[in-house]
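A note on names: the letters A, B, ... follow the listed sequences, proteins ahead of strands, and every chain is numbered from 1. These numbers come from a predicted model, not from an experiment.
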Amino acid sequence: MPELPEVETIASGVNLRVRGERIVEVWFGGKREPFKMPAARQAKGLEGRVILEVHRTGKHIVCELGTADETVQSHPSRKDKNAARMGHPSDGFEEQASETAAQWIVHLGMTGRLLVTTPDAPVAPHTHARLGLASGRELRFVDPRRFGRLEFRELSRNAGFVAPGADPLSVTTAEFAQLFHGRRLAIKAALLNQKLLSGVGNIYADESLFRAGIRPRRLAGRLKRMELEALRLALGEVLRDAIRLGGSSVSDYVDSDGMPGFFQLEHCVYQRTGLPCLRCQTPIRRIVLAGRGTHYCPQCQR
DNA sequence: CATTTCACCTGGTGGC
DNA sequence: TGCCACCAGGTGAAAT
């Protein structure tokens, strides 16, 4: 389901709804442990903590958690040596983040959802985690295919979560070119590599290559400077447009409030196989590249 | 080392 | 209706 725009929409929605809330009850379900860490250990760590802030890094949702016994407006008495860290968006939250004692990191995989619900809302099939909040509402993690990952980090023992790749919304021209320099793989495959850029997935790789007029099979290291810059700008544009429209709801994506996004209406190539190109009427072509369905216009993309 | 393929899961869709 | 093949927003281990 989720690439950068969808994860951004969910994270900001969850942040608006649960920021400042205390976790009073934790429930994990399912027979197996589909996560990065035993459910019991996560539950123990989460219980009683205040959610200070929820934000996105790459495709990960990071919930910044206070210490279990602190109040929402606690003063910085229990300073944590490792707590001053990178990876925080500069939104003026540093003062409070420096006392953050833990993180809950959510990766949605293909079909994961993070929902804020009322306590009486019916529990959807494949609900794997429910965090009961002081207000009575619940934060629920639902994931049919179970490709998603949940991880709890004690910040006194670990560094804060940092995305492995560059941020596609703020990467500079020079950094962007450097990422692909000398690489002998298809540009589409390179865009999907999270160690290079964090947050680009199948939809936005195809859509940005269309906007930049570049064929997905072109080798990353052979792109000209002009083409790389066109791609960087196209990628930024398409991601920002998609965030503005709440992401793409292709089959069942919904935000933290259960609402769909609308960027699927703006797709030029993704899942438009055989349909006429919106610019030149040539039928859109589908190939498999890096194991993923890949869509492009053979006329507009060279 | 860099690059490619495939397994991990469940569910929806379309052909026969 | 049923059965089956194929497809799906991602990722990392294994193979090449």
Donor-acceptor contact present, side-chain A:Arg232 to main-chain A:Gly236, <3.5 Å: no

Check: A:Ala11 main-chain N/O paired with A:Asn15 side-chain donor or acceptor under 3.5 Å: no

Options B:dG11, C:dG10, B:dT3, nucleotide nearest the side-chain atoms of A:Glu3: C:dG10

Under 3.5 Å side-chain donor-acceptor pair for A:His128 and A:Asp143: no

Spacing between A:Ile287 atom CD1 and B:dT4 atom P, to the nearest angstrom: 13 Å

Side chain A:Arg145 and base C:dA8 donor-acceptor under 3.5 Å: yes

Spacing of A:Gln271 atom CD relative to B:dG12 atom P, expressed in whole Å: 16 Å

Spacing of A:Asp252 atom CG relative to C:dG10 atom P, expressed in whole Å: 13 Å

Selected nucleotide, minimal atom distance to A:Pro144 side chain, candidates C:dG10, B:dG11, B:dT3: B:dG11

Test item: A:Gln301 side-chain N/O and A:Pro216 main-chain N/O as donor-acceptor pair under 3.5 Å: no

Integer-rounded Å distance: C:dG10 P and A:Arg113 CZ: 16 Å

Pairwise P distance, C:dC3 and B:dC9 [rounded to whole Å]: 24 Å

Same-atom distance (P) from B:dG12 to C:dT11, integer angstrom: 23 Å

Nearest-angstrom distance from the residue atom CG of A:Leu289 to P of C:dC7: 15 Å

Sugar-phosphate only, base, or nothing, as touched by A:Gly291 at under 4.0 Å among non-hydrogen atoms: nothing

Base-pairing mate for C:dC4 - Watson-Crick or G-U, with both contacts under 3.5 Å: B:dG14

Any donor-acceptor N/O pair, A:Arg56 side chain to A:Thr9 backbone, under 3.5 Å: no

Audit row: A:Val54, A:Ile61, side chain to side chain contact (heavy atoms under 4.5 Å, CB included) steps and yes/no: CA-CA 7 Å; A:Val54 180; A:Ile61 299 165; 3.6 Å; yes

Side chains of A:His295 and A:His267 in contact at under 4.5 Å (non-hydrogen atoms): no

A:Phe147 CZ - B:dA7 P separation (whole Å): 12 Å

Sugar-phosphate only, base, or nothing, as touched by A:Tyr270 at under 4.0 Å among non-hydrogen atoms: sugar-phosphate

Sugar-phosphate only, base, or nothing, as touched by A:Thr273 at under 4.0 Å among non-hydrogen atoms: nothing

Atom pair CZ (A:Phe176) and CG (A:Leu196), whose distance is rounded to the nearest 0.5 Å: 10.0 Å

Protein-nucleotide distance (A:Ile105, atom CD1; C:dG10, atom P), rounded to Å: 19 Å

Distance test, side-chain N/O of A:Arg183 to OP1/OP2 of B:dT3, below 4.0 Å: yes

Rounded distance (Å) that lies between atom C1' of B:dT3 and atom CD1 of A:Ile187: 14 Å

Any A:Arg149 side-chain N or O less than 4.0 Å from OP1/OP2 of B:dC8: no

Side-chain donor/acceptor of A:Arg137 to backbone N/O of A:Arg17, under 3.5 Å: yes

Pick out the pairs of N or O atoms, protein on one side and nucleotides 11-16 of chain C on the other, that lie under 3.5 Å.
{"from": "C:dT11", "atom 1": "OP1", "to": "A:His107", "atom 2": "NE2", "distance (Å)": "2.8"}
{"from": "C:dT11", "atom 1": "OP2", "to": "A:Lys59", "atom 2": "NZ", "distance (Å)": "2.8"}

Strand-adjacent residues in residues 217-225 of chain A, judged by heavy atoms under 4.0 Å from DNA chain B: none

OP1 or OP2 of B:dG11 under 4.0 Å from side-chain N/O of A:His126: yes

hydrophobic_cluster_shared for A:Val238 and A:Leu169, side chain cutoff 4.5 Å: yes

